[in-house]
Structure formats: C-alpha cells, structure tokens
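Notes follow once the structure below has been shown.
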Amino acid sequence: MAVLPPNVSQQQFDTAIDRLKSVVGDEWVFTSDADIHAYRDHFSYIKDEPNELIPCAAVGPDSVEQVQAIVRIANEFQIPLYSISTGKNFAYGGPSPNVRGSLTVDLKRMDRVLEVDDKRNFALVEPGVSYIDLYNYIQERGLKVWIDTPDPGWGSPIGNALDHGIGYTLGPYRDHFSAHCGMEVVLPDGEILRTGMGAMPASDSWQEYKHGFGPDPAGLFGQGNFGIVTKMGFRLMPQPEHWRNGLITVPRRRDFIPMVDTVNYLTDLGMIGEPWYSGGLQALMNNTEFAEAANNFNEEEMDRQALAAGLPSWRVELQFYGSEGTTLANWEYAKELMARNIPGVQFTDGESLPVPLTDEQIQKSSTPYESSMRRNITQGRPGLGIWYMTGRTDFNPNAWNETHIGLFSLVGRSGEAVFKAQRDFADISKRLDMPGFFPNSLAGPVNWYQNSFLMGNGFGAAKGNSPQQKKDATILLRRLLEENAKLGYGDYRAPPILQDDVADQYSFNNNILRRFNEKLKNAIDPNGIISPGRAGIWPEAYADLRGSHRED
Amino acid sequence: MRIGRITSILFLSVWFNQMAWGQDDNRIAHGKRVFERYCTLCHGEGLGADGAPMLPGTHAIYIKYRGEVPPLLQHRSDVNIELVKTVVRNGLASMPPFRQTEVTDSDLEAIVAWFDSVADE
Ligand SMILES: Cc1cc2nc3c(=O)[nH]c(=O)nc-3n(C[C@H](O)[C@H](O)[C@H](O)COP(=O)(O)OP(=O)(O)OC[C@H]3O[C@@H](n4cnc5c(N)ncnc54)[C@H](O)[C@@H]3O)c2cc1C
C-alpha cells in the first residue's frame, strides 16, 4: 500500500523521513502500513481503490517548534502536509488528506489545556485536547463553565471548529468557529502568527477580543489551507443554575411558518437554547392514503388526516438556561407569543432541573413527553452514544455503515423557505432516482447555527457497499450538489472527495471567492505544501489535481 | 556477616517484589485510565443515546454475540492483547481504528492488564 508524495522520489522521501525522525524522535514517525492504517478514512467511499486518500507517512510533533521544523522540511522536499487535531472527522473524510501521498501532521500529542478561566469564561487549548479531555479538566477542578460539544465528544475544539462544526447549547457557543477567540498558527514558511490580541505580546485580552487591529485573517484558517493551528482560545458558557425544556406542537402544516418566526424571535433575543424541530406525522406513513398525500405535498389532505389522527403537524422543543425563575418566565413568554400567533397551538411542560443534571436525569429522555433531544449535549456533556447510528442494530444485527458522508445544505431560516426546500429536494431526488429516508414533506430543519437552517439531503444515495455502488453513489452526490446549487442550496461542509464540487457551488462572479483564495494561497504558500486542495483551494504546485476525483 | 547477607538478600528480594507489584499496580491503573479516556464512552455501562439500551460498543457486542459473551470487554475471558491490538489498529465494523498518538501499543498492553485484573476479581 506504501505511497509516495506526488513527484517525490523514494530516495528523497527516505531522507525526509530521517530528518523528521531527528525532529520528533523515531517512535513518532509512522511509515508502516500497519501504523498508516489508522490515518485512512475507515468509512471512505473509495476504500482500497487506487485513488484512496492515503498518506505517505504520519508525524506526531509534541511542540510548536517541532511543527515549525516539520513545515520547513516539507518545503525543502516539497512534500504536501495534511494536519489533523484529533482526526475524528467522520462523515467528512475522517483523518484522510485531500492529496494521496500527503504527510499527515498528527497533532494529538499536543494535548495540553493551557488555561480555563471561569470568571472571564474562556479556554485556551492545544489541538490534541478533545472535548472529553476539556470536560474532564473542568470537572476535576470544579470550574463553573460549560463546553459546547458536538454529538461525538472524541473530536476536538480546534479540529471541529476548523471544519466549522457545531454543538447544542446557546447560539453563540454552538457555532464553534465563531466562538473561538484568538489563535496561534504556524504559517507555510514556518513562522508563527497570533491573531487578535495575540499579536500584542503583552496583552491580557487574547481570549477576549478577537479582532485585534486591521483585517483579521483568522477566517482563512477555518476550512482553509493557510497554516497549521497550534493553539486556539474559545469562549465558554458560564454554568447556568437551572435548565428547563418544553414542547410546542401545532395542528396544521402551514402553522410551521409562524412557529419558526416566533422561535427566531426568541432565539435572537437570547432567550432560548437550540430549538429542536421535528415533523409530527411520521407515524401516519403506514397509512397508504396519508403516504400518498405526503409524497405529493397534498397539504389539505395531510392536515385532514393529522386532525383525524389527533397528531400535530409540527413540533419544536425549546430549552432555557438561567435560574428557575428566569427559565420559567421565558417559557411562559414563549407560550404567550405562540398562542398569540397560532390558533390551536399546544404546550407540554418539560422538565425543570437544577444544573448540573444527575446521570439519571441526563439519561431519562421520555418524560413528560416523547423527546428526541439528546440531553447530554444540551448540557455540554461529551459522549459517544450517537455512534449507535453507525453500527449493528437489533433489527439488522449483521450490518453497519461502511460509508459515512454528511451533506447538509443551507436553507433560509423561515417556514416558507423550508417548504420550498422540501419540494426542491423532492424534485431533485426524483430526477436523480435517489429516494430519501422519508418523504420530504415531513423533513424539518436543524437550527445548529443560530441564524440559519440546514437540511440534510443526499443520504439516499448509498445503495449498497460494492465498489461500483459506492462509485455510483459518489457520482450521484456530485450531481446532487450541482442541482442544489442551481436552486441556491449550498453545502456547509464536505469530505475531501466532494470538496471541489462544493467549492464549485460558490460561483458568484466566475468563482471569484476561490480565485481570491488561490491568489492568497500562492503568495503565502509558494510550494503549496499546506493541505493542498482543501475546500477546493489548489495551489499552483498541485493545480493539476483539481477535480481529479471526478474522473474516477 | 552471614546472617547479614541473608537478610540483605531477603530484603532485596522483598524490595524487588514490591517494586514489581508497584509496577503492576501502576500499569493496571494506567490501563484503566487510558480505557476511560478513549474507550469507556462506547464500551462502558449505562444507557445509550435515543433510547438505546446500552452504549454503542457494549450494545454492538451484545447484539453480535447474542449474549454469549459478556458485553463489557473487561468481563470477557477471551479478550487478549492480540485481539485488542488487531481491533484497535484496524478498526472493526463501526469502530474506527485508533492511532499510536492516541493509544500506544504499551497503553494497549496496560488496558489488557487492567482487563485481566478485573476478570480475576
Ligand atoms: C454520527 C455522527 C455525528 C456527528 N455529529 C456531529 C456534530 O454534532 N457536530 C459536528 O460539528 N460534527 C459532527 N460530526 C462530524 C465530525 O465527526 C465531527 O465534527 C468531529 O468533531 C470532527 O473531527 P475532529 O474534531 O477530530 O477534527 P479533526 O479531524 O482533527 O479536524 C478536521 C479537519 O480540520 C482541519 N484541521 C484540523 N486540525 C487542524 C489544525 N490544527 N490546523 C489546520 N487544520 C486543521 C483538517 O483539514 C482536518 O481534517 C458527526 C459525525 C458522525 C459520523
């Protein structure tokens, strides 16, 4: 399986490896197939294919100085690097690079929590610190701050934020990249840059004011390939004293429109945590008459059947952080507003619990109403419970997901926009013969990012695990991305094999965004060694690889 | 003189023994710590997410062996270092592999030492 970096001879490679060993120590340079295996994407669509994104080797530095030395060696030998923090980016390529034969810079050993302040509410961490590690650090010291964790807690604040990942508490913390404050980056020439107040050596505000003075280049390092991030600060939510949730249901399909408007209002006033929307009519899909109506967007008929069955068309679960009194007042206010805007709306009080919740309270999910909310993540408690989604089940004991791919498109944050997207996605999947998991008319949005909706699509592409079936699925997904873009639905994130396609979606003014990024890329990284191809940004040195996955 | 030598040999061997014991204890404690950092959230006890009766690793093993082996790795008598290394380095079904920078081979040996110490109890 051994692969070499593009245009690098075996002899040059061997010399580079020796040099890397002298920097980090023999035991932290990995070249054997056995060791490289874990740097491949376990859930890849192109596993074992000749174009699988396998690194030539991996190197595990333990300090910023070592990262600098690695970058200098890479320049000297023209070896493309690919950096990972915790490397758990499953559904988006896992730890695998954009270019086959890259040298993976594995930052896991740099796992120091440098600071957590629970009066000023921030943390400063190295890349190898996972959400689980940071949570444990805070708990062991009894600090009164929360982290905001993605569903799987084994990823890292830095790796997740750098891929624009999301979580589940209050709006400003859920958007992990936006919640960062200050970063340190090793640039392609090996120099160290600090953003924000980090640019002022004596400043005490690095984790409190992120803009510094003048243009802030921090955005270039999110989904970018302009440097290797070695430290990052994050704003942390103070631990609230109380948490409460409640369920709102509305009878008619069109009630979703004022429901969303009202939730937006509460969200943007900072009164609620993440709203969890869901369709309320899944249970009726066994009824052929209803299924027919749902598949054809026959709204009147859907409403009629919902009413007859006594089921709500839509549900949204709200949650509140604060004191017992303020959470109650906000819940009462939410009810008042909804009742003013939507005839027939109903409310079910959820739970009202002092924070921190006990393990039993976290695990209890069914009372007083059936809830789809995973409570640990709403409490900033990292876990891996979500991994059940990928594995054997009681119904299907001999099957698991061999491939993971996540595709979520941005949709306007309104009921009307969701309805339009439902129809558009239904049309596209019909045209591409790509059935969804359930009819689009019942699909709701996720409100991970406070100010936008995302809707999943494309999950019906995978129809089997043979190499040909996986290839067909990838071709279908590319077409889906193209069709989505024509209608204005852009994806927020993608695995390396689809990053060129997503970058193509952002085509305003003849793809000026990408052209601008590539101009910068060539100026800052003339050898193109930092993660070439990431987010569709190809430096001149590797420009011939643009779109190379499409030909396969 | 003779007595002195014997005592010192005895003393030394006791000391060595204690050192060995101490090392074992440390190794077992280290194994437990590594397991808790990297494995427990899938292979521990307790309920899973979204109403799953167990955590994902525990549940998958329960389903796979239909209850023929205990679902917790540390309670199984058939889990040895070869199996652990193979699974952890290659991944298995929905469990992806772990890198040397996360858990080293000697960490894995310590994990198995912890498994053995628990199984003995
Ligand atoms: C079932 C399931 C549920 C999921 N749920 C969520 C969720 O709730 N929220 C969510 O956000 N994601 C989710 N994901 C996606 C993904 O697993 C997580 O986002 C995960 O946290 C990303 O991995 P990581 O944190 O280890 O980042 P890494 O893999 O370390 O990094 C991600 C990428 O960022 C870049 N990068 C990383 N570190 C550096 C650095 N130091 N310098 C420069 N570039 C760097 C690299 O390109 C790297 O590939 C889910 C996936 C699955 C399969």
[X] portion near chain B, given a 4.5 angstrom heavy-atom threshold:
{"X": "A:Asp35", "result": "side chain"}
{"X": "A:Trp387", "result": "both"}
{"X": "A:Ser130", "result": "neither"}
{"X": "A:Ile377", "result": "neither"}
{"X": "A:Asp151", "result": "neither"}

Using a cut-off of under 4.5 Å for heavy-atom pairs, which of A:Asp133, A:Leu107, A:Ile386 has the most such pairs with chain B?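 So the answer, after comparing A:Asp133, A:Leu107, A:Ile386, is A:Asp133.
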Quick check for you: among A:Arg109, A:Arg374, A:Glu27, which has the greatest number of heavy-atom pairs under 4.5 Å with chain B? A:Arg374
[X] and [Y]: which non-hydrogen atoms are nearest, and at how many Å?
{"X": "A:Trp28", "Y": "B:Thr101", "value": "CZ3-CA, 4.0 Å"}
{"X": "A:Thr393", "Y": "B:Ile63", "value": "C-CD1, 3.5 Å"}
{"X": "B:Pro97", "Y": "A:His42", "value": "CD-ND1, 3.6 Å"}
{"X": "B:Arg37", "Y": "A:Asp111", "value": "NH2-OD2, 3.0 Å"}
{"X": "A:Trp154", "Y": "B:Pro96", "value": "CH2-CG, 3.5 Å"}
{"X": "A:Ile132", "Y": "B:Leu41", "value": "CD1-CD1, 3.3 Å"}

Stepwise side-chain contact (heavy atoms from CB on, under 4.5 Å) check, B:Arg89 with A:His37: CA-CA 7 Å; B:Arg89 294 296 172 226; A:His37 190 89; over 6 Å; no
Test side-chain contact (heavy atoms from CB on, under 4.5 Å) on B:Glu102 and A:Thr86; report intermediate values, then the result. CA-CA 9 Å; B:Glu102 302 173 279; A:Thr86 34; 5.9 Å; no
Given a strict heavy-atom distance threshold of 4.5 Å, which part of [X] is in contact with chain A: side chain, backbone, both, or neither?
{"X": "B:Leu92", "value": "backbone"}
{"X": "B:Met54", "value": "neither"}
{"X": "B:Tyr62", "value": "neither"}
{"X": "B:Thr104", "value": "side chain"}

Determine, stepwise, if the pair B:Gln100 / A:Phe30 fulfils side-chain contact (heavy atoms from CB on, under 4.5 Å). CA-CA 9 Å; B:Gln100 296 277 357; A:Phe30 307 104; 3.5 Å; yes
Got more than 12 heavy atoms from elsewhere within 6.0 Å of NZ, A:Lys470?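 Above 12, so yes.
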Any residue of residues 71-87 of chain B which, by heavy atoms, sits under 4.5 Å from chain A: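 Heavy-atom contacts from residues 71-87 of chain B to chain A are absent.
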